[in-house]
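Encoded as structure tokens, the structure appears first; notes follow it.
Whatever order the structure lists ligands and atoms in, that order sets their numbers, starting from 1.
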Amino acid sequence: MRHSSYVIRADFCWSKSLEEVAYQENGWLVCENGRSAGVFAHLPGQYHSWPILDYTGQLAVPGLTDLHVHAPQYRFRGTGMDLELLEWLNTETFPEESKYADPSYAEIAYQQFAEDLRRGPNTRACIFATIHTGATLQLMDILEESGLCTMVGRVNMDRNSPPTLCEASAAVSAAATRAWIQEAQGQYRRTKPILTPRFIPSCTDELMRALHKIQQETGLPVQSHLSENPDECAWVQELCPGSTCYGDAYRQFGLFGGPGCPTIMAHCVYSTEEEIALMREGQVYVAHCPDSNTNLSSGIAPIRRYLQEGIPVGLGSDVAAGTQTSIFRAMAQAIQVSKLRWRLADPSLLPLNAREAFYLGTIGGGSFFGQVGSFEPGYELDAIVLDDTRYTPIKGMSLDKRLERTIYLSEDQDIRHKFVQGRMLF
Ligand code: GUN
Ligand code: FE
């Protein structure tokens, strides 16, 4: 057997585009050196001698991407859900994140986070850590070990934060960020650094300028939060009176997409016309987090509008404002909240359907990592194999129905096998 080269036999579903899901019952997925060589109805002769992993009757789909999650918040998910964003940050989040100054606390908490992530359907994630360099490197070590492919951010915060979670100055924050990048560089195969100014309210102009410089020098991608909550948006306008919108406050510092600066912005619930134009121009990725936006009463992002504009969109769990790590749950919730938005607020934007939600959770977010999130030839082979008989006991059900049920009903326990970049995790 060549390295990471084999054939999987199963029932397959994968997105080809936002408009099309492909199905192949009793098919053959060829993995060649960690990438898909395609799904076939009949195995071509040239592969007949390759090892076969026979999962006949089980359902195989591409691994899912969580485009926005906070690892240090995993421990308190499901509490404080009656608060809105700014109060929730101050009373629940910042005190918990402060604990990651302690390496032994971080070790236990991050081990649990990574182990649970490993068992679930996500194969990729873009993750916020905390301001603590040591704990961030611990998280990166643990994630590398897990076999998942991730981008991890040491968070920058130098204003409007409690003393336990506020860096001493922009210069201190920037120097620590450089030191962290230095330590992480070349250490990992699957775990990459990503620049992570928390959001405009917690970063001074001076810090944003310093991060822009680091971004230019390193070419690292960027992740942050944008237009999540009305009080937050009003506060940003006060903090940055010179900006035309929240997104412009990032753009002014060169941290809002564009050539050489791949950027993810979580939420985008209240993006103005001006902001949407900047998002399109910079091809900024929207991390849509419907679970979080519901829990913190943030609102419902106009995802169909972003898709119509050609803005890239993926799904995020946003744990712990979101309570569920599985991006299958985010797919179902994205559909559900889009229906409420359509019915209650804006009949001009039709609800999302299962096909579109499946795309968002696979190729939509996966494309931030490159050719990821599909079984089309050339894609990196991330896959999960599910035994769906627990929730689909009916024989002969069509694959599109089995996929829809999987989006709504599957649990981690149904996942039998998981592959990342062609490597079998279990
Ligand atoms: N905005 C700034 N920080 C956070 C956070 O931790 N979670 C969410 N949902 N929004 C934020
Ligand atoms: Fe978040």
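- The aromatic rings of Tyr250 and Tyr246 sit parallel, their planes meeting at an angle under 30°, below the 60° perpendicular limit.
- Interface atoms of ligand 1 facing His267, defined by a heavy-atom separation under 4.0 Å, are 9 (N).
- Ring geometry, Phe128 versus His70: the interplanar angle falls from 30° to 60°, so the pair is classed tilted.
- Cation-pi geometry between Arg402 and Tyr23 is not satisfied (NZ or CZ under 6.0 Å from the ring centre, within 45° of the ring normal).
- Judged by the 6.0 Å distance and 45° axis criteria, Arg355 is not positioned over the aromatic ring of Tyr359.
- For the pair Trp88 and ligand 1, a heavy-atom separation below 4.0 Å is found.
- Protein heavy atom nearest atom 9 (N) of ligand 1, with residue, atom name and distance: Asp318 OD2, 2.7 Å.
- Of the candidates His288, Gln223, His225, His225 is the only one forming a side-chain hydrogen bond (donor to acceptor under 3.5 Å, both in side chains) with His68.
- With a cut-off of 2.8 Å, the protein N/O/S atoms near the Fe ion (ligand 2) add up to 4.
- For atom 3 (N) of ligand 1, the nearest protein heavy atom (residue, atom name, distance) is Arg198 NE, 2.8 Å.
- For residues 307-319, every residue pair satisfying the salt bridge (charged side-chain N to carboxylate O under 4.0 Å, His left out) rule, not counting sequence neighbours, is listed here: Arg280-Glu309, Arg305-Glu309.
- Between atom 10 (N) of ligand 1 and the options Glu97, Glu228, His68, the minimum heavy-atom separation is to Glu228.
- Those atoms of ligand 1 with a heavy atom of Leu85 less than 4.0 angstrom away are 8 (C), 10 (N), 11 (C).
- A donor-acceptor contact closer than 3.5 angstrom links the side chains of Tyr285 and Ser367.
- Checked by atom type, the side-chain pair Asn33/Ser4 shows no donor-acceptor distance below 3.5 Å.
- Using modelled atom types and a 3.5 Å distance limit, the side chains of Ser227 and Glu275 yield a donor-acceptor pair.
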